[in-house]
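What follows is a set of notes on a single structure, which appears directly below.
Order of the sequence lines fixes the chain letters, A, B, ..., with proteins taken first and strands second; residue numbering starts at 1 for each chain.
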There are 2 protein chains.
Amino acid sequence: MEKVTIATVARRAGVSRQTVSNVLNTPDVVREETRERVREAIAELGYRVNQAARQMRTGRSRLIAVRIEPANDGINGSVLDRFLHGLTDAAGLAGYRVMLYTAAGDDDEIATYEELLSAYDLDAFVLTSTHHGDPRTSWLAGRDIPFVTFGRPWGAPDTHSWVDVDNASGTTAATERLLATGHRRIGFLGWPAGSGVGDARREGWARALGAAHLLGSSAGVEDGVDTGAAAARGLLAAEPDTTALVCASDSLALGALEAAREMGRDCAVIGFDDTAVARAIGLTSVSQPLAEAAGRCMDLLRELLDGRAPSAPTHVLLPPSLVLRQTA
Amino acid sequence: MEKVTIATVARRAGVSRQTVSNVLNTPDVVREETRERVREAIAELGYRVNQAARQMRTGRSRLIAVRIEPANDGINGSVLDRFLHGLTDAAGLAGYRVMLYTAAGDDDEIATYEELLSAYDLDAFVLTSTHHGDPRTSWLAGRDIPFVTFGRPWGAPDTHSWVDVDNASGTTAATERLLATGHRRIGFLGWPAGSGVGDARREGWARALGAAHLLGSSAGVEDGVDTGAAAARGLLAAEPDTTALVCASDSLALGALEAAREMGRDCAVIGFDDTAVARAIGLTSVSQPLAEAAGRCMDLLRELLDGRAPSAPTHVLLPPSLVLRQTA
DNA sequence: TTGTAGGCGTTATCAA
DNA sequence: TTGATAACGCCTACAA
C-alpha cells in the first residue's frame, strides 16, 4: 500500500493540493462539484490526513493526556479504569486520542506536563484526583493550557471548568431508600472530616435524616475493610437499635457487613462506588456515572479547544444512582 | 516562553543545526568539547525535540497503542488496569508513550489499526485478550507491523513474540501450599474445558496432586460467584473429606467460601488473579506479575522497533506468585 | 568533525 | 473559487 498524501488525492481529483486541504478544513469555500470530486478521490484512495504534518503547521495534536494511577491498593481502584474507558470513547468520537502518563506526585506530574507539551504538543489535559492545595491546576491555568478536572477544586477558587459527581445526593438517595424500607435508626460510616468527598457523603446522609426528623450516629475512620469492621462494631454496640448503615465506600461497607454478621445483627448496608466487590458480594451501592462524566469532560474540553469557550468556566455536577442488591 | 528549536540551540552553542541534531542522535560523531557545549545550551534553554517534526522525517512516532476494554462486568476487571499502568511506566522509561483506543470487536479493532497507523504513524501495538481464531495478529503480521501480545496465541502458530503468565505453575504453587499445610483432599473449581487459560490452571493443580500421588475432583462452570458457590456445594457434598479448594478465579473462590460457610465446612480456598476482592476479604490468591509482564512486553517491542530483533520470535513465560492471606 | 541543501505532508498567505 | 509558494522543525545525504 503506497503512501497516500494530499498530493495523491489532488492528482486523482485533478485539483491542487490546496483545494484538497480546503475540502478537508473549510469545505464551504470549495465549489460543490469540486468538493464531491475530491471526496470521491479521498474515499477511493483511503486517504487520511497525517497528524504529524498537520500538527507541524497548526501546532495542535488532537491528543489529550490523562494520568493513569497505580491501581489503588484496594477495592476502589476500578473507578479510574471505567472513567478512562469512557474518556477514550468520547475522545475518539470527537476526533481526539487519549495519551497516558504516570507520575509520582504532583511535582513530577507538572514536569511531565512540560515534557508532553513541548515534545508532543498536547492539546489538553484531564486531571483526576483533585485535592486540597492542588498545584497542578494553577500551573496549567497560569500557562493558558486547556484542561478540565474530574473532581471539583477542593478548597480552591472555581476558576476552571470541572465535572464532578454529586456525592451528597448519592448518600441522600441511599438513606432515603433505607427510610422507605422502614429503617428508622440509620448510621453513617465514613472517613475522618476534612476530605471534600468524604464530608459531602456524610452531609448527604445527614440531610436525608434531617428531612425525616430523625437522628443518627456516625463514625469517621481511614478507608479499609478492617477499619470499617471495627468502626461498625463500635457503632452497632453503642446503638442497639441501629438497623442500617450508609457507608462512604464499598470497603467500609464490606467491613460493616462482616461486623454485623459476627455480632449476629441484622443490619442493612449500602456502600459507595459500585465496585467489582459490590457486584461480587451483592452489596447495594451508590454508582457514579463514570461514562457520562467522561463524556462531559470531553464536551468541556471541546469548548475550550474550539475556541468557543464560554466566558465563565462551566461546572457539571452529575447525580449518582443507587444500585440495589441484597444488602439493602 | 519562546519556542525553542534546534536552531535556537545551535545559535546559543555557536554551531550549526546539524551539529545539534548529531549530538541528539549520533553523539559519538561529535567532538567531545562541542558535544558538551551543545548539551549545555540544550539544558539552559530547556530544549526538547519536537516529536511531530522528527516523526515527519523518520516516520516513527514513538507511540504505542493499547486497547482499553470495558471494565469487565466482574471481579477480575482490574487486571488490565494494572497491566496498563505498568506498560505506561515501562514505555515512558524507554521514551515511548501509550495511546489508548477502544473497539467493539476484532474487526472494529482492525479498522482502528488502519486509522491509527495512517493518521498517527503508530510504532507498535500491544494486544491483550488473545483468543482462539484471533484475526488481529495475522492482520498485523501480514503488514509487518510491530506488535506483541500479552497472552499467548491460543491455537494459532507461535509466529510472533508474546509474554504470558504461566497459569499452570500458579495453581501448582497453590496446590503445593495446601499440601504443605497438611491438606490431602484438594478439589479444583474451574471453567468448562476448552479455554486455554482455564485448562492450564486445572492442569497445574492436577500436576501437583499427581506428584504427591493424590487424587482430587474438579468441577467446571462459567465464571461467577453464584456458579462457583453452586459448584462448590456439589463438590463438598460429594466429597465429605475435601478440605481445600483451588479455584480458577477469585469469583469462583468467593463462591466457594460462601458455600463452605453455609455448609459449616472448614475449607481452605485459594483464588486466582489477586483482585481487589481478594485483598478486601482476605482471600489467598495467585497473583500475576502484571508490572513485570508489561515491562517485558516493552522490552520485546524495543527489540522489534530498534531493528535488533532476534531472528525468531521471543516468548516470555512469567511465573505468578502466591499471595497468602487468611483463607489458606 | 562540521556545515549546507532539500524534503517529509500539511496549511496559511496571497495572487490569479 | 482555485492554485502557487513558503513555512512548520527535524533529519539524511552530501560537501567542505
Side-chain angles (χ1 to χ4, degrees), chain A residues 1-39 41-42 45-63 95 115 117-123 307, chain B residues 1-39 41-42 45-63 95 115 117-123 307:
Chain A
M1 195 153 36
E2 294 301 309
K3 191 167 294 181
V4 179
T5 78
I6 213 171
T8 327
V9 176
R11 230 173 302 133
R12 171 72 143 253
V15 299
S16 73
R17 291 179 318 188
Q18 181 52 33
T19 300
V20 178
S21 174
N22 283 337
V23 170
L24 258 26
N25 301 298
T26 42
D28 30 305
V29 94
V30 179
R31 195 182 351 136
E32 164 130 19
E33 184 198 302
T34 320
R35 203 190 309 150
E36 267 325 299
R37 199 146 34 94
V38 171
R39 289 212 165 117
I42 289 178
L45 295 165
Y47 165 80
R48 282 189 178 88
V49 304
N50 178 316
Q51 280 299 329
R54 166 177 280 181
Q55 174 180 342
M56 245 215 311
R57 276 303 291 172
T58 63
R60 304 186 49 184
S61 60
R62 303 196 76 82
L63 248 31
E115 146 82 17
L117 288 168
S118 54
Y120 290 92
D121 273 317
L122 254 92
D123 284 351
Chain B
M1 195 154 38
E2 292 302 308
K3 191 167 294 182
V4 180
T5 77
I6 213 172
T8 326
V9 176
R11 231 173 301 135
R12 171 71 141 254
V15 298
S16 74
R17 292 178 318 184
Q18 179 51 33
T19 301
V20 179
S21 174
N22 283 337
V23 171
L24 259 26
N25 302 299
T26 43
D28 31 303
V29 95
V30 180
R31 191 178 356 132
E32 164 129 20
E33 184 198 301
T34 320
R35 203 191 309 152
E36 267 325 299
R37 199 145 36 91
V38 171
R39 288 213 165 119
I42 288 178
L45 295 166
Y47 165 81
R48 281 189 178 88
V49 304
N50 179 314
Q51 279 301 326
R54 168 178 278 181
Q55 174 179 344
M56 258 226 291
R57 272 305 281 158
T58 63
R60 304 186 49 184
S61 59
R62 304 196 75 83
L63 249 30
E115 146 83 18
L117 288 168
S118 54
Y120 290 92
D121 272 317
L122 254 92
D123 283 351

Taken to the nearest whole Å, CZ/B/Arg62 to C1'/D/dC11 is 14 Å
What one should report as the nearest heavy-atom pair of B/Leu24 and B/Tyr47 is CD2-CE2, 3.8 Å
Could you tell me whether the side chain of B/Arg35 and the main chain of B/Val30 form a donor-acceptor pair under 3.5 Å? yes
I need the minimum non-hydrogen distance between B/Gly59 and B/Asp123, along with the two atoms involved. O-OD1, 4.5 Å
On a heavy-atom basis, the closest approach of B/Gln55 and B/Tyr120 is NE2-O, 3.2 Å
Using the C1' atoms of the five pairs at each end, what is the angle between the end axes of the helix from C/dT1-D/dA16 to C/dA16-D/dT1, to 10°? 40°
Under-4.0 Å side-chain N/O to phosphate OP1/OP2 contact, B/Asn50 with D/dC10: no
Quick check for you: to the nearest 0.5 Å, what is the distance between A/Thr8 atom OG1 and A/Ile42 atom CD1? 11.0 Å
So which atom in B/Arg37 and which in B/Ala13 form the shortest heavy-atom distance, rounded to 0.1 Å? NH1-O, 2.5 Å
Within this structure, what is the CG-to-C1' distance between B/Asn25 and D/dC10, rounded to whole angstrom? 9 Å
When you compare the protein's N or O atoms with those of nucleotides 3-7 of chain D, which come within less than 3.5 Å of each other, and at what distance?
{"from": "D/dG3", "atom 1": "OP2", "to": "A/Ser16", "atom 2": "N", "distance (Å)": "2.8"}
{"from": "D/dG3", "atom 1": "OP2", "to": "A/Ser16", "atom 2": "OG", "distance (Å)": "3.2"}
{"from": "D/dG3", "atom 1": "OP2", "to": "A/Thr19", "atom 2": "OG1", "distance (Å)": "2.7"}
{"from": "D/dA7", "atom 1": "N3", "to": "A/Arg57", "atom 2": "NH1", "distance (Å)": "3.1"}

Nearest-Å distance for atom pair CZ/P, residues B/Arg11 and D/dC10: 12 Å
A/Arg12: what forms a side chain to side chain donor-acceptor pair (under 3.5 Å) with it, not counting sequence neighbours? A/Glu44
Between CG on residue B/Asp121 and NZ on residue A/Lys3, distance to nearest 0.5 Å: 6.0 Å
5'-most by nearest nucleotide on DNA chain C - B/Met56 or B/Arg37: B/Arg37
Going 5' to 3' along DNA chain C, which nucleotides are the first and last within contact of chain B (any atom under 4.0 Å from a heavy atom)? C/dT1 to C/dG9
By side chain to side chain donor-acceptor pair (under 3.5 Å), B/Arg39 pairs with (sequence neighbours left out) none
Shortest non-hydrogen contact from A/Val20 to A/Ile6? CG1-CG1, 3.4 Å
Residues that A/Thr58 engages under side chain to side chain donor-acceptor pair (under 3.5 Å), provided they are two or more places apart: none
Does a side-chain N or O from A/Thr34 land closer than 4.0 Å to OP1 or OP2 of D/dT2, or not? yes
